[in-house]
Amino acid sequence: KQEVTQIPAALSVPEGENLVLNCSFTDSAIYNLQWFRQDPGKGLTSLLLIQSSQREQTSGRLNASLDKSSGRSTLYIAASQPGDSATYLCAVEVNAGKSTFGDGTTLTVKP
Amino acid sequence: GAVVSQHPSRVICKSGTSVKIECRSLDFQATTMFWYRQFPKQSLMLMATSNEGSKATYEQGVEKDKFLINHASLTLSTLTVTSAHPEDSSFYICSAAGGAADTQYFGPGTRLTVL
(Lines give C-alpha, C1' and ligand atoms only; values in the text may rest on other atoms or scores of the structure.)
Protein backbone atom coordinates (compact mmCIF):
# COMPACT_ATOMS: atom_id res chain seq x y z
CA LYS A 1 0.00 0.00 0.00
CA GLN A 2 1.35 3.38 -1.03
CA GLU A 3 2.04 5.79 1.81
CA VAL A 4 2.91 9.42 1.31
CA THR A 5 4.62 11.49 3.97
CA GLN A 6 5.23 15.22 3.94
CA ILE A 7 7.78 16.91 6.11
CA PRO A 8 7.57 19.33 7.80
CA ALA A 9 3.92 19.47 8.76
CA ALA A 10 4.19 23.22 9.23
CA LEU A 11 6.75 25.81 8.27
CA SER A 12 7.03 29.51 9.00
CA VAL A 13 9.55 31.66 7.19
CA PRO A 14 10.20 35.37 6.69
CA GLU A 15 9.41 36.88 3.35
CA GLY A 16 12.11 36.50 0.74
CA GLU A 17 13.50 33.20 1.94
CA ASN A 18 13.98 30.23 -0.32
CA LEU A 19 12.44 27.06 1.06
CA VAL A 20 12.06 23.36 0.37
CA LEU A 21 9.09 21.14 1.07
CA ASN A 22 9.59 17.41 1.16
CA CYS A 23 7.45 14.51 0.07
CA SER A 24 8.34 10.84 0.37
CA PHE A 25 6.51 7.78 -0.84
CA THR A 26 6.94 4.10 -0.11
CA ASP A 27 6.26 2.48 -3.49
CA SER A 28 8.40 3.73 -6.34
CA ALA A 29 6.08 2.25 -8.99
CA ILE A 30 4.28 5.50 -9.62
CA TYR A 31 2.67 7.01 -12.68
CA ASN A 32 3.25 10.60 -11.72
CA LEU A 33 3.48 12.98 -8.80
CA GLN A 34 1.65 16.27 -8.39
CA TRP A 35 2.11 19.18 -6.07
CA PHE A 36 -1.01 21.11 -5.12
CA ARG A 37 -1.73 24.25 -3.23
CA GLN A 38 -4.78 24.51 -1.01
CA ASP A 39 -5.92 27.77 0.54
CA PRO A 40 -8.13 27.62 3.66
CA GLY A 41 -11.63 26.60 2.71
CA LYS A 42 -10.74 26.45 -0.96
CA GLY A 43 -10.15 23.75 -3.50
CA LEU A 44 -6.95 22.36 -4.90
CA THR A 45 -4.78 24.24 -7.35
CA SER A 46 -2.39 22.07 -9.28
CA LEU A 47 1.10 23.58 -9.21
CA LEU A 48 3.35 21.09 -10.92
CA LEU A 49 2.92 17.64 -12.40
CA ILE A 50 5.95 15.40 -12.83
CA GLN A 51 5.59 12.29 -14.93
CA SER A 52 7.45 9.20 -13.76
CA SER A 53 9.96 9.57 -16.59
CA GLN A 54 10.81 13.14 -15.62
CA ARG A 55 13.13 14.39 -12.93
CA GLU A 56 11.88 17.93 -12.46
CA GLN A 57 9.39 20.57 -13.50
CA THR A 58 9.58 24.32 -13.15
CA SER A 59 6.95 27.02 -13.10
CA GLY A 60 7.93 30.54 -12.17
CA ARG A 61 9.39 30.53 -8.67
CA LEU A 62 8.51 26.88 -8.16
CA ASN A 63 10.67 23.89 -8.94
CA ALA A 64 9.71 20.32 -8.19
CA SER A 65 12.06 17.38 -8.39
CA LEU A 66 11.37 13.69 -8.43
CA ASP A 67 13.67 10.82 -7.48
CA LYS A 68 11.65 7.69 -7.96
CA SER A 69 14.34 5.28 -6.85
CA SER A 70 14.60 6.89 -3.43
CA GLY A 71 10.89 7.67 -3.20
CA ARG A 72 11.34 11.40 -2.79
CA SER A 73 10.13 14.64 -4.24
CA THR A 74 10.89 18.20 -3.24
CA LEU A 75 9.11 21.44 -3.96
CA TYR A 76 11.43 24.40 -3.99
CA ILE A 77 9.95 27.87 -3.61
CA ALA A 78 12.25 30.75 -4.38
CA ALA A 79 11.95 34.22 -2.87
CA SER A 80 8.88 33.38 -0.84
CA GLN A 81 6.04 35.90 -0.56
CA PRO A 82 3.16 36.25 1.94
CA GLY A 83 0.82 35.19 -0.86
CA ASP A 84 2.55 31.82 -0.88
CA SER A 85 1.04 31.06 2.52
CA ALA A 86 -1.12 27.96 2.06
CA THR A 87 -1.10 24.22 2.56
CA TYR A 88 0.94 22.33 0.01
CA LEU A 89 -0.05 18.78 -0.80
CA CYS A 90 1.78 16.18 -2.80
CA ALA A 91 -0.10 13.35 -4.43
CA VAL A 92 1.29 10.21 -5.97
CA GLU A 93 -0.65 8.56 -8.74
CA VAL A 94 -0.22 4.83 -9.03
CA ASN A 95 -0.64 2.95 -12.29
CA ALA A 96 -4.21 2.05 -11.42
CA GLY A 97 -5.08 5.72 -11.69
CA LYS A 98 -5.63 6.32 -8.01
CA SER A 99 -3.85 9.06 -6.12
CA THR A 100 -2.57 8.92 -2.59
CA PHE A 101 -2.16 12.25 -0.87
CA GLY A 102 0.19 13.34 1.84
CA ASP A 103 -1.09 15.22 4.86
CA GLY A 104 0.35 18.45 3.56
CA THR A 105 2.75 21.12 4.74
CA THR A 106 1.20 24.33 6.00
CA LEU A 107 3.40 27.23 4.98
CA THR A 108 3.27 30.68 6.54
CA VAL A 109 5.34 33.43 4.99
CA LYS A 110 5.62 36.42 7.29
CA PRO A 111 5.90 39.92 5.83
CA GLY B 1 -4.20 21.34 -19.37
CA ALA B 2 -7.53 19.60 -19.12
CA VAL B 3 -10.26 21.26 -17.07
CA VAL B 4 -12.53 19.61 -14.55
CA SER B 5 -15.36 21.53 -12.94
CA GLN B 6 -17.49 20.83 -9.91
CA HIS B 7 -20.90 22.18 -9.00
CA PRO B 8 -21.80 23.51 -6.56
CA SER B 9 -18.66 24.91 -5.00
CA ARG B 10 -20.38 25.25 -1.64
CA VAL B 11 -23.59 23.79 -0.29
CA ILE B 12 -25.29 24.00 3.07
CA CYS B 13 -28.13 21.63 3.81
CA LYS B 14 -30.25 20.40 6.67
CA SER B 15 -29.65 17.05 8.29
CA GLY B 16 -31.61 14.30 6.58
CA THR B 17 -31.64 15.83 3.13
CA SER B 18 -29.77 14.57 0.08
CA VAL B 19 -27.20 16.56 -1.81
CA LYS B 20 -25.94 16.01 -5.34
CA ILE B 21 -22.50 17.13 -6.46
CA GLU B 22 -21.58 17.21 -10.14
CA CYS B 23 -18.17 16.65 -11.64
CA ARG B 24 -17.61 17.49 -15.29
CA SER B 25 -14.67 17.13 -17.61
CA LEU B 26 -14.96 20.15 -19.86
CA ASP B 27 -12.59 19.42 -22.70
CA PHE B 28 -11.91 15.72 -22.67
CA GLN B 29 -13.72 12.45 -22.26
CA ALA B 30 -13.21 10.95 -18.84
CA THR B 31 -13.49 7.21 -18.85
CA THR B 32 -12.64 7.13 -15.17
CA MET B 33 -13.55 9.52 -12.41
CA PHE B 34 -12.50 9.47 -8.79
CA TRP B 35 -14.15 10.96 -5.73
CA TYR B 36 -12.15 12.09 -2.71
CA ARG B 37 -13.12 13.43 0.68
CA GLN B 38 -11.14 15.65 2.99
CA PHE B 39 -11.98 16.20 6.62
CA PRO B 40 -10.60 19.28 8.39
CA LYS B 41 -6.85 19.16 8.86
CA GLN B 42 -6.59 15.78 7.17
CA SER B 43 -5.39 14.72 3.76
CA LEU B 44 -7.68 13.74 0.93
CA MET B 45 -8.87 10.18 0.98
CA LEU B 46 -10.15 8.27 -2.02
CA MET B 47 -13.80 7.31 -1.65
CA ALA B 48 -14.59 5.56 -4.89
CA THR B 49 -13.60 4.99 -8.49
CA SER B 50 -16.18 5.12 -11.23
CA ASN B 51 -15.93 4.02 -14.82
CA GLU B 52 -18.38 5.30 -17.38
CA GLY B 53 -21.33 3.01 -17.71
CA SER B 54 -20.50 0.69 -14.85
CA LYS B 55 -20.93 0.58 -11.10
CA ALA B 56 -18.50 2.46 -8.91
CA THR B 57 -15.88 0.69 -6.85
CA TYR B 58 -15.87 1.91 -3.27
CA GLU B 59 -12.92 2.02 -0.91
CA GLN B 60 -13.09 0.14 2.34
CA GLY B 61 -15.17 1.91 4.92
CA VAL B 62 -17.18 4.00 2.45
CA GLU B 63 -20.89 3.24 2.46
CA LYS B 64 -22.06 2.75 -1.11
CA ASP B 65 -25.71 3.18 -0.19
CA LYS B 66 -24.99 6.53 1.40
CA PHE B 67 -22.68 7.91 -1.27
CA LEU B 68 -24.34 7.20 -4.58
CA ILE B 69 -22.13 7.65 -7.60
CA ASN B 70 -23.38 7.83 -11.14
CA HIS B 71 -21.10 8.07 -14.15
CA ALA B 72 -23.62 8.04 -16.95
CA SER B 73 -21.59 9.86 -19.57
CA LEU B 74 -17.95 10.40 -20.49
CA THR B 75 -18.06 13.97 -19.20
CA LEU B 76 -20.22 13.79 -16.10
CA SER B 77 -20.15 11.99 -12.80
CA THR B 78 -22.36 12.76 -9.84
CA LEU B 79 -21.98 12.05 -6.15
CA THR B 80 -25.17 12.07 -4.10
CA VAL B 81 -24.85 12.17 -0.34
CA THR B 82 -28.09 10.64 0.86
CA SER B 83 -29.69 11.49 4.19
CA ALA B 84 -26.80 13.75 5.03
CA HIS B 85 -25.73 14.20 8.64
CA PRO B 86 -23.37 16.71 10.25
CA GLU B 87 -20.55 14.15 10.23
CA ASP B 88 -20.76 14.13 6.42
CA SER B 89 -19.67 17.76 6.39
CA SER B 90 -16.48 17.70 4.43
CA PHE B 91 -14.68 18.82 1.33
CA TYR B 92 -15.42 16.61 -1.66
CA ILE B 93 -13.11 16.62 -4.67
CA CYS B 94 -13.38 14.73 -7.91
CA SER B 95 -10.77 13.94 -10.47
CA ALA B 96 -11.12 12.69 -14.01
CA ALA B 97 -8.89 10.69 -16.28
CA GLY B 98 -9.12 9.72 -19.93
CA GLY B 99 -8.36 6.16 -18.93
CA ALA B 100 -7.51 4.19 -15.82
CA ALA B 101 -3.80 4.70 -16.41
CA ASP B 102 -4.00 8.31 -17.55
CA THR B 103 -3.16 11.45 -15.64
CA GLN B 104 -5.87 12.62 -13.28
CA TYR B 105 -7.15 16.16 -13.48
CA PHE B 106 -8.68 17.48 -10.30
CA GLY B 107 -11.79 19.56 -9.83
CA PRO B 108 -11.81 22.57 -7.49
CA GLY B 109 -13.84 20.78 -4.83
CA THR B 110 -17.21 21.19 -3.12
CA ARG B 111 -17.55 22.26 0.50
CA LEU B 112 -20.53 20.50 2.09
CA THR B 113 -21.88 21.70 5.41
CA VAL B 114 -24.71 19.75 7.00
CA LEU B 115 -26.54 21.58 9.76
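Within every chain, numbering begins at 1; the chains are lettered A, B, ... in the order of the sequence lines, protein sequences first and strands thereafter. As the structure is a computational prediction, the values presented were derived from the model and not from experiment. Because only heavy atoms are used, hydrogens play no part in the values below, and waters and symmetry mates are left out as well, while side chains stay in.
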Original post:
Which bit of Leu44(B) comes within less than 4.5 Å of chain A, counting heavy atoms only: side chain, backbone, both or neither?
Top reply: both
**OP:** Give, as side chain, backbone, both or neither, the part of Gln6(B) having an atom under 4.5 angstrom from any heavy atom of chain A.
**Re:**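 Neither part; nothing is under 4.5 Å.
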Original post:
With a 4.5 angstrom heavy-atom cut-off, which part of Leu89(A) approaches chain B: side chain, backbone, both or neither?
Top reply: side chain
Original post:
Is it the backbone or the side chain of Gln6(A) that comes under 4.5 Å from a heavy atom of chain B, or both, or neither?
Top reply: neither
Original post:
Are the ring centres of Phe101(A) and Phe106(B) closer than 6.0 Å?
Top reply: yes
**OP:** May I ask you to say whether Glu22(B) pairs ionically with Arg24(B), meaning some side-chain N is under 4.0 Å from a carboxylate O?
**Re:**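 Looking at Glu22(B) and Arg24(B), the cut-off is met.
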**OP:** Answer yes or no: does atom CZ of Arg55(A) have more than 12 heavy-atom neighbours from other residues, nucleotides or ligands under 6.0 Å?
**Re:** no
Subject >> Pairs flagged by salt bridge (Lys or Arg N to Asp or Glu O under 4.0 Å) wherever residues 65-77 of chain B is involved - sequence neighbours left out >> reply: Lys66(B)-Asp88(B)
